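A short write-up of the structure that comes next.
Bear in mind the structure is a predicted one, so any value in this text is a computation, not a measurement. Below, read A as the first sequence line, B as the second, and so on, with proteins coming before strands; counting in each chain starts at 1.
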Amino acid sequence: MLDPKWIRSEPEALAKRLLKKKYSLNIEWLAELDGQRKQLQLETENLQNERNTRSKAIGKAKAAGENVDAILQSMEQLKTELETKKELLNALQLEFHSYLMGVPNVPDESVPPGNDESGNLVVSTWGEPKQFDFAVKDHAELGEGLAEGLDFATAAKITGSRFVVMRGQVALLHRALIQFMLNTHTRDHGYEEVNVPYIVNSDSLTGTGQLPKFEEDLFKLRGEQAYYLIPTAEVPVTNIVRDEILESASLPIKFVCHSPCFRSEAGSYGKDTKGMIRQHQFEKVELVQIVTPQTSDSTLEELTAHAERILQLLHLPYRKVILCGGDMGFASAKTYDLEVWLPSQTCYREISSCSSFTDYQARRMQARWRNPATGKPELVHTINGSGLAVGRTLVAIMENYQEADGRIRIPSALVAYMHGLEYLG
RNA sequence: GGAGAGGUGGCCGAGUGGUCGAAGGCGCGCCCCUGCUAAGGGCGUAUAGGAGAAAUCUUAUCGAGGGUUCAAAUCCCUCCCUCUCCGCCA
């Protein structure tokens with residue numbers, strides 16, 4: 001959520017910046033609404049003040065044994081007037097708030113303009129795509145060719161499309177990747193590992209920005225309560241600090257979390273139908289940092305570098321792009337995507353997305369820290385990114401490390417996690 | 001699933017209709033006293049919204065929401081959470 005004060009004080013500047021995200025802020029309507037609100041709030045509070053004063057007077061008069069009929073009578077009109085004003089005010093405030101919950105975060109000044117993916121800018125490229133002297137296979141074909149590999153047909157039988165069964169060596173490689181990533185981030189990068197619920201309530205999803213606008217992307221559970229499967233560990237992990245006031249000494253908070261992620265993929269029917277690129281269920285190692293506003297810019301760079309390090313240790317060629325305004329997420333102020341080279345597609349595909357949310361999520365969550373300089377609670381900044389998407393990393397390894405005979409070499413960084421196994425197949 | 005007990009400020013804990021944003025204690029901050037240490041004294045110490053240049057004023061908040069009332073932490077209803085016992089269970 002954006003700061004309502006900001007919207008009041010400089011609506012034009014704000015609207016201009018939101019335009020970069022293809023969002024048009026209705027500033028005339030907002031000003032009108034806020035004007036009404038101001039008037040009504042003043043009137044309502046005056047009436048409440050009057051009511052409180054008179055009520056206390058009644059209490060005193062009664063204690064003194066005086067007659068209170070007259071004052072009691074004078075309250076009647078005040079009461080009805082207050083009730084109607086209060087109702088109106090509540091309705092106005094709700095309307096204002098609901099609108100605000102649908103306004104995206106403001107993009108950072110450094111975010112390039114653009115309508116879609118084509119507007120993204122390549123920041124850097126690492127590694128050289130390997131030249132193969134044979135016809136490369138995609139990961140689905142490779143996986144289905146292995147004795148202990150990928151089985152999409154069985155997953156479709158068990159559940160439906162966009163699921164996979166991993167078997168034997170491939171399942172081991174998948175698990176090895178998770179261990180490798182968690183170890184690297186905890187040992188080398190100073191993150192605390194957390195294990196969190198995979199089912200969350202609507203408050204948590206509202207806090208990180210998935211609700212109310214993107215409910216159709218989520219799997220909602222049936223039952224009395226509004227429970228959802230998490231679309232990313234970002235939701236439970238970031239919400240650890242919801243409604244908290246953190247001491248400055250405890251910052252930055254650095255969490256790493258492995259979790260499954262569940263996405264309905266509504267509206268992506270034609271895309272990536274083959275293979276593991278786009279699944280309803282996948283696993284991810286997520287990095288989350290809770291920081292002071294002063295350090296959020298550098299933290300985004302640092303956290304992105306932590307995700308990059310995994311790709312580098314696995315010797316997977318990738319590039320880093322900064323997303324343009326039109327391609328960014330709703331709550332993000334700035335996003336770097338890491339894209340890994342996929343030989344079968346001869347292009348780079350997203351494997352990590354690292355974003356700074358400034359105080360946008362923090363305001364929704366009421367996540368604050370006590371600033372020693374002011375002694376007052378102030379909003380924290382939140383930054384998160386995948387480090388990395390495990391399923392897609394598996395895909396990248398299978399494709400980049402494939403051999404002419406269909407076997408797959410295990411990257412040296414992972415061999416220890418594979419009980420010494422050097423090849424799949 | 002059945003029965004019961006609770007949810008109050010950073011923490012503990014009092015408060016069953018009014019003068020209660022809330023006693024008391026702990027913690028924390030500033031000051032005083034004390035030549036160290038220990039102890040003692042005074043003052044202060046929630047969050048959010050609004051008006052105002054500011055001092056300040058004002059509204060709301062005692063798990064959440066609704067209700068009764070001139071007035072609710074206190075009474076009523078619904079929900080959530082925690083704890084204890086029984087049952088079931090990975």
Side-chain angles (χ1 to χ4, degrees), chain A residues 1-9 30-101 195-207 211-212 221-228 236 239-251 359-380:
Chain A
M1 195 167 83
L2 298 179
D3 188 350
K5 286 178 191 157
W6 193 9
I7 295 184
R8 285 181 194 126
S9 61
L30 276 172
E32 164 75 19
L33 197 69
D34 196 51
Q36 289 178 25
R37 190 227 86 232
K38 195 181 275 194
Q39 177 66 22
L40 257 177
Q41 181 162 352
L42 222 56
E43 291 172 6
T44 305
E45 290 189 356
N46 283 338
L47 286 172
Q48 281 175 324
N49 185 13
E50 186 58 31
R51 181 203 58 194
N52 291 347
T53 312
R54 289 194 203 174
S55 285
K56 282 185 186 174
I58 291 174
K60 278 184 187 161
K62 273 197 169 175
E66 294 165 19
N67 187 298
V68 294
D69 289 355
I71 193 165
L72 225 49
Q73 211 170 14
S74 77
M75 290 291 266
E76 269 176 47
Q77 196 199 337
L78 187 102
K79 202 187 169 191
T80 52
E81 199 182 340
L82 176 61
E83 264 169 22
T84 48
K85 287 241 158 86
K86 206 172 179 179
E87 249 171 66
L88 248 154
L89 177 66
N90 284 344
L92 272 183
Q93 283 179 325
L94 191 71
E95 199 176 356
F96 190 76
H97 187 253
S98 312
Y99 184 82
L100 230 57
M101 291 301 271
N195 190 295
V196 294
Y198 304 147
I199 295 173
V200 292
N201 59 34
S202 53
D203 285 345
S204 293
L205 287 157
T206 304
L211 288 180
L221 269 50
R222 282 195 66 171
E224 309 234 326
Q225 298 184 58
Y227 281 164
Y228 301 80
N239 274 280
I240 287 173
V241 298
R242 171 154 56 89
D243 294 321
E244 298 289 338
I245 299 172
L246 306 158
E247 292 307 320
S248 66
S250 69
L251 299 176
D359 62 10
Y360 188 88
Q361 291 182 326
R363 186 171 291 104
R364 286 172 163 248
M365 292 193 300
Q366 282 304 299
R368 292 165 296 173
W369 67 298
R370 198 172 292 280
N371 186 346
T374 61
K376 289 288 169 192
E378 295 173 14
L379 294 168
V380 297

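One finds a side-chain N or O of A/Arg370 lying less than 4.0 angstrom from the OP1 or OP2 phosphate oxygen of B/U47. Here A/Lys38 reaches the OP1 or OP2 of B/A51: one of its side-chain N or O atoms lies under 4.0 Å away. Residue A/Asn52 places at least one side-chain N or O closer than 4.0 Å to OP1 or OP2 of B/U59.
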One pair to check against side chain to side chain contact (heavy atoms under 4.5 Å, CB included): A/Thr84 and A/Thr80. What are the steps and the verdict? CA-CA 6 Å; A/Thr84 48; A/Thr80 52; 5.9 Å; no
Run A/Tyr228 and A/Leu211 through side chain to side chain contact (heavy atoms under 4.5 Å, CB included) and show every step you take. CA-CA 11 Å; A/Tyr228 301 80; A/Leu211 288 180; 4.0 Å; yes
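Using atom C1' as the reference point in both B/G65 and B/G7, the two lie 16 Å apart (nearest Å). For the P atoms, the distance linking B/A22 with B/U61 amounts to 14 Å, nearest Å. B/G9 and B/A14 have their P atoms separated by 13 Å, with the value rounded to a whole Å. Taking atom P in both B/A72 and B/G21, one finds a spacing of 11 Å when rounded to whole Å. Comparing the P positions of B/G1 and B/C79 gives a spacing of 12 Å, expressed to the nearest Å. Using C1' as the reference atom, B/G4 and B/U58 are 44 Å apart when rounded to the nearest Å. Nucleotides B/A73 and B/A23 are separated by 14 Å at their P atoms, to the nearest Å. Comparing B/A55 with B/A71, their P atoms are spaced 33 Å from each other, to the whole Å.
With rounding to whole Å, A/Ile245 atom CD1 is found 17 Å from B/U45 atom P. The CD atom of A/Glu87 sits 13 Å away from the C1' atom of B/G66 (whole-angstrom rounding). Rounded to a whole Å, the CZ atom of A/Arg8 is 15 Å from the C1' atom of B/G52. Taking atom CD of A/Gln39 as the reference point, atom P of B/U59 lies 18 Å away to the nearest angstrom. Atom-to-atom, CG of A/Leu72 to P of B/A71 comes out at 9 Å; the value is rounded to the nearest Å. If you take CG of A/Asn371 and C1' of B/G29, they are 16 Å apart, rounded to a whole angstrom. Put simply, CZ on A/Arg242 is 18 Å from P on B/G63, counting in whole angstrom units. As rounded to whole Å, 13 Å separates atom C1' of B/G65 from atom CG of A/Asn90.
The stretch residues 45-56 of chain A participates, sequence neighbours left out, in these salt bridge (charged side-chain N to carboxylate O under 4.0 Å, His left out) pairs: A/Glu50-A/Arg54.
No contact: A/Lys86 has no heavy atom under 4.0 Å from any strand. Nucleic acid contact class of A/Pro377 (heavy atoms, under 4.0 Å, all strands): sugar-phosphate only.
A/Leu82 contributes atom CG, which lies 9.0 Å from atom NZ of A/Lys85 (distance to the nearest 0.5 angstrom).
Side chain to side chain, A/Asn52 and A/Ser55 fail the donor-acceptor criterion of an N or O pair below 3.5 Å.
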Which atoms of nucleotides 16-22 of chain B (N or O only) lie under 3.5 Å from a protein N or O atom, and what are those distances?
residue	atom	partner	partner atom	Å
B/G18	O6	A/Lys62	NZ	3.1
B/G18	N2	A/Ser55	O	2.9

Atom pairs, N/O to N/O, protein against nucleotides 73-78 of chain B, distance under 3.5 Å?
none

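Scanning residues 44-51 of chain A for heavy-atom distances under 4.0 Å to RNA chain B yields A/Glu45, A/Gln48, A/Asn49, A/Arg51.
Minimum interatomic distance between A/Leu89 and A/Arg37 (heavy atoms only, all atoms of both residues): CD1-O, 3.9 Å. Residues A/Asn239 and A/Arg242 approach most closely at OD1-NE, 2.7 Å, considering heavy atoms.
Here the side chains of A/Arg370 and A/Leu246 are not in contact, with every heavy-atom distance at 4.5 Å or above.
Nucleotides of RNA chain B nearest to A/Arg368 and A/Lys5 differ in position, and the one nearer the 5' end is that of A/Arg368. Between A/Lys79 and A/Thr53, the residue anchored nearer the 5' end of RNA chain B, judged by the nucleotide with its closest heavy atom, is A/Thr53.
When atom types are taken as modelled, the side chain of A/Arg364 and the backbone of A/Thr206 share a donor-acceptor pair closer than 3.5 angstrom.
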Represent RNA chain B in dot-bracket notation, 5' to 3'. Only Watson-Crick or G-U wobble pairs with both distances under 3.5 Å count; pseudoknot-style crossings use [ ] and interstrand partners use |. ((((((((.[[[..)..(.....]]]((((((.......))))))((((((....)))))).[[[[[..)....]]]]])))))))....
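Partners of A/Glu95 according to the side-chain hydrogen bond (donor to acceptor under 3.5 Å, both in side chains) rule, which considers only residues two or more places apart in sequence or in another chain, do not exist here. For A/Leu221, the side chain to side chain contact (heavy atoms under 4.5 Å, CB included) criterion is met by A/Ile199, A/Tyr227, A/Leu229, not counting sequence neighbours. With sequence neighbours left out, A/Leu42 forms a side chain to side chain contact (heavy atoms under 4.5 Å, CB included) with no residue at all. Take A/Glu83 and apply the side-chain hydrogen bond (donor to acceptor under 3.5 Å, both in side chains) test, not counting sequence neighbours, and it matches no residue. Scored by the side chain to side chain contact (heavy atoms under 4.5 Å, CB included) test, A/Lys86 finds A/Thr44, A/Gln48, A/Asn90 as partners (sequence neighbours excluded). A search for side chain to side chain contact (heavy atoms under 4.5 Å, CB included) contacts involving A/Ala362 returns A/Ala367, A/Leu379, A/Val380, not counting sequence neighbours. In this structure A/Asp203 satisfies the salt bridge (charged side-chain N to carboxylate O under 4.0 Å, His left out) test with no other residue, sequence neighbours excluded.
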